[in-house]
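All heavy atoms count here, side chains included; hydrogens, waters and symmetry mates do not.
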Number of protein chains: 2
Amino acid sequence: MPKRITLKEVAARASVSYQTVSKVISQKVHVSEATEQRIWDAVRELNYTPSYTARSLRSHRSMTIGYSWRPSPPDQTNPILDEFLQSMFRAAENHGYYLLCFPYHDELQKQLAIYRELINTGRVDAFVISTLNYNEPCVSYLVEHKFPFVGFGHLDDPDSFPYIDVDGALGLQMAVEHLLDLGHRRIAALAWPSDSRVGNNRMDGYFLALDKAGIKARPEWVERGEGTFDVGFTSTLKLLAIADGLRPTAIVAMNDLMAFGAMTAIQQSGLRPGKDIGVIGFDDSPTARYMDPPLTSIRQPISTIGKNLMERLIGYLDTGTYPDPRCELVAPELVIRESTIGKKTSQPIHGKEDADRR
Amino acid sequence: MPKRITLKEVAARASVSYQTVSKVISQKVHVSEATEQRIWDAVRELNYTPSYTARSLRSHRSMTIGYSWRPSPPDQTNPILDEFLQSMFRAAENHGYYLLCFPYHDELQKQLAIYRELINTGRVDAFVISTLNYNEPCVSYLVEHKFPFVGFGHLDDPDSFPYIDVDGALGLQMAVEHLLDLGHRRIAALAWPSDSRVGNNRMDGYFLALDKAGIKARPEWVERGEGTFDVGFTSTLKLLAIADGLRPTAIVAMNDLMAFGAMTAIQQSGLRPGKDIGVIGFDDSPTARYMDPPLTSIRQPISTIGKNLMERLIGYLDTGTYPDPRCELVAPELVIRESTIGKKTSQPIHGKEDADRR
DNA sequence: ATTCTGTATGCGAACGTTCGCATAAAGTCC
DNA sequence: GGACTTTATGCGAACGTTCGCATACAGAAT
């Protein structure tokens, strides 16, 4: 309601044409020192802010990037969502962009319809896509319509679109090598179903590390399931029931939740995680450090990924070509805690950290 | 790049003026059955989508709602973020609105500057605000400029802006009454510092419940701190050191993280949470159910809150007045698990739930 | 003096809508 | 059958920018 200040009013005050003001503000033209000064003074005095809508109507740029993600099921938290979003927001803000977030629909047609609407109405200039299954129709849609986007995660064809992904294979390799260093020789894996691309990629690292150590991976060491606490729990009971001499002494899980299940199963079997059986998770969710014992886990450098994704995407929008590298695989980090190396002190000290007050 | 279809082309095809097409599409006028049909056919055939930008330039509505929240510290997850966002997205979508999310800056001036920019550029029509401290400058700014917003959470003055909040006092009252029902008489609280509005509100319920049961709350039963795991841990050790006969037999914590710390402390003291000492958390974060023993906690109906907030806000934007009730306090729910009632079965069954695969 | 180059600014049009008012045609009334 | 309401559609203007081209005026070169 506070009447909008427009270019014309600024122009009047600076005694130039409003078009000149526009050009000076968007640095499109060189004017004399004196007028430039007058214009900026007028802008300041009137507290002028260009109208976003008028601007983007004319320039066909919305300065907005769309993002949608699959919500996690009610019994789980997405451990990286907050960090990922915030890192993207910040990077976008630095370049004058904002993020438009929109709901995720399992129903494919509905989801596609939103993408289409956002594109057709001109609300967004590009997307970030993170929910990448083997066969992601939204991706095909965007590729087909040559609409810009970057992926957090990738599919098989490395050239089809620009992405950043965590090197899951490397992560598992590091995890297994850490266990080998500790003397473990029989290492089991709590894996995802074999149709999971991300899961298979991670398992490659598991097999590679064992192979390099001259250890033959035994099929009974690999348990597969949906990545829940219960799968971790029951799979671990099965692993512990394997005959002596073949029974694993350590377990790597494809996510923390299965690792939590594994630790519970180990404890209920009268064994101690970290002393009798080593356990490693994946994601380093914040609760991992509060487990008993604290869980060794593989951490993804989320903030860096979010920032880089955004900068690469905006780089493309602003210049027309993707900055190198177009695609990138970043190394995760192994966060070592007591679930693999055992207890060090008797008092758990987790550092002084902020509260979660709203 | 695929050339934009405009009103004029639709109009040409339907042999009417383009203004008529506009009016028919936005249901602003009544036309004959025949032309209406022709227009919609043309729209369909040409696959016309109105330009969002042109529309909002003319109508001064961006159909966009801004939201920013304080990121949680790296060692914690915001247990409700995903659910809250998704519920708002969905409600907004149903009314043609989208959410613009933007970064949170601790530095006040920077944060205010973003709000100002979003308002002045006309990028958003309203805000949702959830980070409500006693003295929130962004709120004052919005109130002062009469810019629409709703709060998740409220401040002292109930009339200053529309909000929905969880009745924290009721939550604690329910928790304490649950413990009383189980026979506990000496109940301690892990509280937030006394300058926390939300914290004080919750504690009111604690005192009220004890009072109603004719129990005098003892000051040594209330431990205050920043809501971290460590605060929960060390505070609990202090509580357990209280002389026999006064030592609490149950503990309610203002958040789950402190409750986790409490359970660890209890265990390390050789006691069993849920059998020797009852423990209750607040938030019902997804990990609560995976603790050993699973944690009884107070759950906030986040999806409902997100949906209602959004609908109320959009109701205001579309009609000019807030639907009743302008402000609302919703009841939380006590989720009872073994940390208060003890173990029931030996096998933990947590239900079949989806994986967290990306 | 005349033309030439260059810099500083102005002008008109366009982006794709919405909105109020004007107008034409058809129907109602006495 | 003319005046009067009603219904269906058209028209012009406006929203606040950006952008290409035109133009004015200086000073340098011919």
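- If you check residues 57-66 of chain B against DNA chain C, the residues with a heavy atom closer than 4.0 Å are B/Leu57, B/Arg58, listed by number.
- Partner of A/Phe149 under the ring pair (Phe, Tyr, Trp, His ring centres under 6.0 Å) criterion, out of A/Phe161, A/Tyr322, A/Tyr163, A/Tyr316: A/Phe161 alone.
- B/Lys110 NZ to A/Glu93 CD: the interatomic distance, rounded to the nearest 0.5 Å, is 6.5 Å.
- Side chains of A/Ser17 and A/Thr20: a donor-acceptor N/O pair is present below 3.5 angstrom, by distance only.
- Atoms CG and CG, from B/Asp125 and B/Leu317 in turn, are 5.5 Å apart once rounded to the nearest 0.5 Å.
- Not one N or O on the side chain of A/Ser26 forms a donor-acceptor pair closer than 3.5 Å with the backbone of A/Lys28.
- B/Gln111 contributes a side-chain N or O that, together with a main-chain N or O of B/His105, makes up a donor-acceptor pair within less than 3.5 Å.
- Applying a 4.0 Å cut-off to non-hydrogen atoms, the residues of residues 14-26 of chain B that approach DNA chain D are B/Val16, B/Ser17, B/Tyr18, B/Gln19, B/Thr20, B/Lys23, listed by residue number.
- Ion pairing between A/Glu328 and A/Arg312 holds under the 4.0 Å rule for side-chain N and carboxylate O.
- A heavy-atom distance below 4.0 Å to DNA chain D is reached by none of the residues of residues 40-56 of chain B.
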- Task: Before giving the answer on side-chain hydrogen bond (donor to acceptor under 3.5 Å, both in side chains), spell out for B/Thr35 and B/Ser32 the whole-Å C-alpha distance, their side-chain angles and the decisive distance to 0.1 Å.
- Result: CA-CA 6 Å; B/Thr35 37; B/Ser32 74; 2.8 Å; yes
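- Under the 4.0 Å criterion applied to side-chain N and carboxylate O atoms, B/Asp82 and A/Arg70 are not assigned as salt-bridge partners.
- If you walk DNA chain D from 5' to 3' and mark each nucleotide with an atom closer than 4.0 Å to a heavy atom of chain B, the marks span D/dA8 to D/dG16.
- For B/Asn78 (side chain) and B/Ser72 (main-chain N/O), no donor-acceptor pair under 3.5 Å exists by modelled atom type.
- B/Arg55 and A/Thr53 form no side-chain donor-acceptor contact under 3.5 Å, judged by distance and modelled atom types alone.
- Relative orientation of the B/Trp69 and A/Phe89 rings is perpendicular, given thresholds of 30° and 60° on the angle between their planes.
- Donor-acceptor pairing under 3.5 Å is recorded for the side chains of B/Tyr97 and B/Arg61.
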- Give the C-alpha distance, both sets of side-chain angles, the deciding distance and a yes or no for side chain to side chain contact (heavy atoms under 4.5 Å, CB included) between A/Thr64 and B/Tyr98. CA-CA 12 Å; A/Thr64 307; B/Tyr98 285 96; over 6 Å; no
Dump every N/O contact between nucleotides 4-7 of chain C and the protein below 3.5 Å, one line per pair.
none

- Apply side-chain hydrogen bond (donor to acceptor under 3.5 Å, both in side chains) to the pair A/Tyr67 and A/Ser130, showing each step before the final yes or no. CA-CA 8 Å; A/Tyr67 180 50; A/Ser130 70; 2.8 Å; yes
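- Rounded to 10 degrees, the angle separating the terminal axes of the helix from C/dA1-D/dT30 to C/dC30-D/dG1 is 60°, with each axis obtained from five end pairs.
- Taking the six-membered ring where the residue is Trp, B/Phe102 and B/Tyr115 present perpendicular rings, their angle passing 60° and hence far from 30°.
- When A/Val16, A/Val43, A/Ile39, A/Val10 are each tested for a side-chain contact (heavy atoms from CB on, under 4.5 Å) with A/Val24, only one passes: A/Ile39.
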